[in-house]
Amino acid sequence: KRQVPGLTEMHAHIPSPPTSQERIEEILFLYLSGGITTIRGMLGHPDHLKLREEVSKGTVLGPRIYTSSPSLNGNTVRTGVEAVEKVTQYASEGYDFLKIHPGIRLSVFDSLVSAARLSAIPFAGHVPVEVGVRHALESGYATIDHVDGYLEGLVPADRSVDPASNGFFGFNFTKYADTNKIDDLVRLTRKQKVWVVPTQTLFERWFAPTDADSLLAQPEMKYMTPATLKNWKRVKEEQMNDPSWDPKLWVTFDAIRQELIRELARNGQGLLLGSDAPQLFNVPGFSLHREMASMHQAGLTPLEILRMGTYAPAQFFGAEADWGTVEAGKAADFFLVRENPLEDVGALKGMTGLMLQGKWLTRNLIDQKLEEIASNSKAKNE
């Protein structure tokens, strides 16, 4: 058997009230069931600060938590003064970083960045349309997630497009994108030391020409509630029925994303593994393995993919001395697999047991808990 360092899900979501404590702990366990021993929560809530402590002390079973602030977006920070107040508040409350969402005006964003620097708190997430990817990179994001803004950054200036008409992560600009501009964007990303979290599986499931029912038939869906699954189906079918969505254009859109991913992995600051669970058809613990398959499809090697989910996140957090590899003196967070993941990254799905904070979780225990979660999820709406 092979020892593998615990994986890190760099774009995770943790439920918050009114979700029950039982369900929150079930979601944390789903991450563990996939060999994930660290998560970066991307939509923070005050309760997550307490949860982070409880997990650290071992009173709640779950992966190590890094949590963002609540969302900073066009509705929550409408002025520079408001941005400064929120940044200062979230930094003092102890969040690990700020979450940037769409809609923030450029002047407000610049005020936010200045306040973040003064408070020494990183910021990460989306690239607001008015900000644009180049200004975002120059402003010093910790990570840009979803490869957000990059496709828009490939549109030549002489196209004179309305930035606000970009559609779903730049989809509407696919036909204008000049892939010769990729190298310059990647160089700027490296120069500014900005990591990228692709969440490619989200685009290959939610936004791809795949019918919802085939996704809902996948085995891991039993761990989500019927209400969640019904909502996922509704959202996907609305997207597929949008007049602006074109399955042929999606093929080009996806090819451009894959080229960006390859170049950012090899010539940028680097990529970090994340899947945006539990968002559309991405079930915690399972979706990260689908993300690995997406990275392989984009042309990355098993070694590159494994590094994205182990050592690179520890490097990102400045925690290389504590976790990210299996070595004496580091956290006892690892799992066992039968096959060699350096030959086939899919081998990571065959976990035979997990060591978490020095506590051994057998395969039998994990399977029993998964059965319980499936049963509870089904009963939620019966």
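Screening Trp195, Phe123, Phe97 for a ring pair (Phe, Tyr, Trp, His ring centres under 6.0 Å) involving Tyr141 leaves a single residue, Phe123. Checked against Leu28 for a side-chain contact (heavy atoms from CB on, under 4.5 Å), the options Ile36, Leu61, Ile39 give a single hit: Ile39. Shown are Ser68, Pro122, Pro46; of these, the side-chain contact (heavy atoms from CB on, under 4.5 Å) with Tyr95 is made only by Pro46. Exactly one of Thr67, Asp145, Ile14 qualifies for a side-chain contact (heavy atoms from CB on, under 4.5 Å) with Arg40. That residue is Asp145.
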- Given Gln21 and Glu25, is the side chain to side chain donor-acceptor pair (under 3.5 Å) satisfied, shown in steps? CA-CA 6 Å; Gln21 181 68 16; Glu25 292 184 21; 2.9 Å; yes
- Message: If you apply the rule side-chain contact (heavy atoms from CB on, under 4.5 Å), what do you find for Thr189 with Tyr150, and how did you get there?
- Response: CA-CA 10 Å; Thr189 305; Tyr150 278 83; 2.8 Å; yes
- Passes side-chain contact (heavy atoms from CB on, under 4.5 Å), Gln258 versus Gln297? Steps please. CA-CA 8 Å; Gln258 289 194 12; Gln297 184 69 30; 3.9 Å; yes
- Task: Evaluate side chain to side chain donor-acceptor pair (under 3.5 Å) for Arg234 paired with Gln239, printing each intermediate quantity in order.
- Result: CA-CA 9 Å; Arg234 177 187 60 78; Gln239 183 72 62; over 6 Å; no
- Go through the steps to decide whether Met10 and Phe317 satisfy the test side-chain contact (heavy atoms from CB on, under 4.5 Å), and finish with yes or no. CA-CA 11 Å; Met10 286 293 290; Phe317 286 116; 3.7 Å; yes
- Task: Starting from the C-alpha separation in whole Å, work towards a yes-or-no answer on side-chain contact (heavy atoms from CB on, under 4.5 Å) for Arg52 and Asp96.
- Result: CA-CA 11 Å; Arg52 182 182 64 187; Asp96 295 301; 3.1 Å; yes
- Item | Audit row: Lys236, Asp211, salt bridge (Lys or Arg N to Asp or Glu O under 4.0 Å) steps and yes/no | CA-CA 8 Å; Lys236 180 169 177 65; Asp211 70 281; over 6 Å; no
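A salt bridge links Arg187 and Asp184; the closest N-O separation between the charged side-chain nitrogens and carboxylate oxygens is under 4.0 Å. Salt bridge Lys50/Glu53: absent, no basic N to carboxylate O contact under 4.0 Å. Taking 4.0 Å as the cut-off between side-chain N and carboxylate O, Glu339 and Arg2 do not count as a salt-bridged pair. Here Arg262 does not pair with Glu259 in a salt bridge; the nearest charged N to carboxylate O distance is not below 4.0 Å. Using a cut-off of 4.0 Å between Lys/Arg side-chain N and Asp/Glu carboxylate O, Asp333 and Arg64 are scored as salt-bridged. In this structure, Arg134 does not pair ionically with Glu138, as no charged nitrogen and carboxylate oxygen lie closer than 4.0 Å.
Heavy atoms of other residues, nucleotides or ligands lying less than 6.0 angstrom from CZ of Arg266 number more than 12.
Looking at Glu82 and Ser111, their side chains never come closer than 4.5 Å, going by heavy atoms from C-beta outward. Residues Val197 and Leu273 are not in side-chain contact: their nearest non-hydrogen atoms beyond the backbone lie 4.5 Å or more apart. You'll find the side chain of Met292 reaches within 4.5 Å of the side chain of Ile305, heavy atoms only. Contact of the Thr352 side chain with the Phe335 side chain is not registered, since no non-hydrogen atoms from C-beta on lie closer than 4.5 Å. Between Phe316 and Thr143, the closest side-chain pair of non-hydrogen atoms falls below 4.5 Å. Contact check for Phe173 versus Leu154: no side-chain heavy atoms found under the 4.5 Å cut-off. Put simply, the side chain of Asn166 does not reach to within 4.5 Å of the side chain of Asn172, judged on heavy atoms. Side-chain contact check for Phe334 versus Leu336: some heavy-atom pair is nearer than 4.5 Å.
Of the possible polar contacts, one joining the Lys99 side chain to the Met42 backbone as a donor-acceptor pair under 3.5 Å is found. The closest donor-acceptor contact from the side chain of Gln192 to the backbone of Gly140 lies at 3.5 Å or more, if one exists at all. In this structure a side-chain-to-backbone donor-acceptor pair under 3.5 Å is missing from Thr19 to Pro15. Side-chain atoms of Thr59 do not come within 3.5 Å of backbone N or O of Val55 as any donor-acceptor pair. No donor-acceptor pair closer than 3.5 Å links the side chain of His45 to the backbone N or O of Pro17. With Arg205 contributing its side chain and Leu280 its backbone, the two residues share no donor-acceptor pair below 3.5 Å. Without hydrogens or angle criteria, Arg307 side chain to Ala312 main chain gives no donor-acceptor distance under 3.5 Å. Put simply, the side chain of Thr38 never gets that close to the backbone of Thr8: no donor and acceptor are under 3.5 Å apart. Judged purely by atom type and a 3.5 angstrom limit, Asn73 uses its side chain to pair as donor or acceptor with the backbone of Thr76.
Considering all non-hydrogen atoms of both residues, Pro278 and Trp232 come closest at O-CZ2, 3.9 Å. Considering every non-hydrogen atom in both Arg257 and His146, the closest pair reads NH1-O, 2.8 Å.
Using a 4.5 Å cut-off between side-chain heavy atoms of Ile, Leu, Val, Met, Phe, Trp and Tyr, with links allowed through other members, Leu106 and Val155 fall into the same hydrophobic cluster. Note on Leu365 and Met355: separate hydrophobic clusters, where clusters join Ile, Leu, Val, Met, Phe, Trp and Tyr whose side-chain heavy atoms are under 4.5 Å apart, directly or indirectly.
Under the 3.5 Å distance criterion, with hydrogens and angles disregarded, no donor-acceptor pair is assigned to the side chains of Glu22 and Ser20. Counted by atom type alone, Thr325 and Lys330 present one or more donor-acceptor pairs between their side chains at under 3.5 Å. Side chain to side chain, Ser244 and Asp242 meet the donor-acceptor criterion of an N or O pair below 3.5 Å. Side-chain contact annotation: His101 with Asn75, donor-acceptor N/O pair under 3.5 Å absent. For Thr228 and Thr225, the side-chain atoms include at least one donor-acceptor pair closer than 3.5 Å. A side-chain donor-acceptor contact under 3.5 Å links Gln200 and Glu204. Judged by distance alone, the side chains of Asn282 and Glu291 never bring a donor and an acceptor atom under 3.5 Å apart. For Gln368 and Glu372, the side-chain atoms include no donor-acceptor pair closer than 3.5 Å.
Put simply, CG on Leu271 and CG on Leu264 are 6.0 Å apart, with the number rounded to the nearest 0.5 Å. With rounding to the nearest 0.5 angstrom, the CD1 atom of Ile373 is 11.0 Å from the CD atom of Glu371. To the nearest 0.5 angstrom, Ser275 atom OG is 3.5 Å from Glu9 atom CD. Note: Tyr31 OH to Ser287 OG = 7.0 Å, rounded to the nearest 0.5 Å. The distance from the CD atom of Glu263 to the OG1 atom of Thr179 is 10.5 Å, given to the nearest 0.5 Å.
Note: Phe253 and Phe169 fail the aromatic proximity criterion, with ring centroids not under 6.0 Å apart. When ring centroids are compared, Phe168 and Phe207 come within the 6.0 Å threshold.
Counting Ile, Leu, Val, Met, Phe, Trp and Tyr side chains that sit under 4.5 Å apart, directly or through other members, Val81 stands alone, with no cluster partners.
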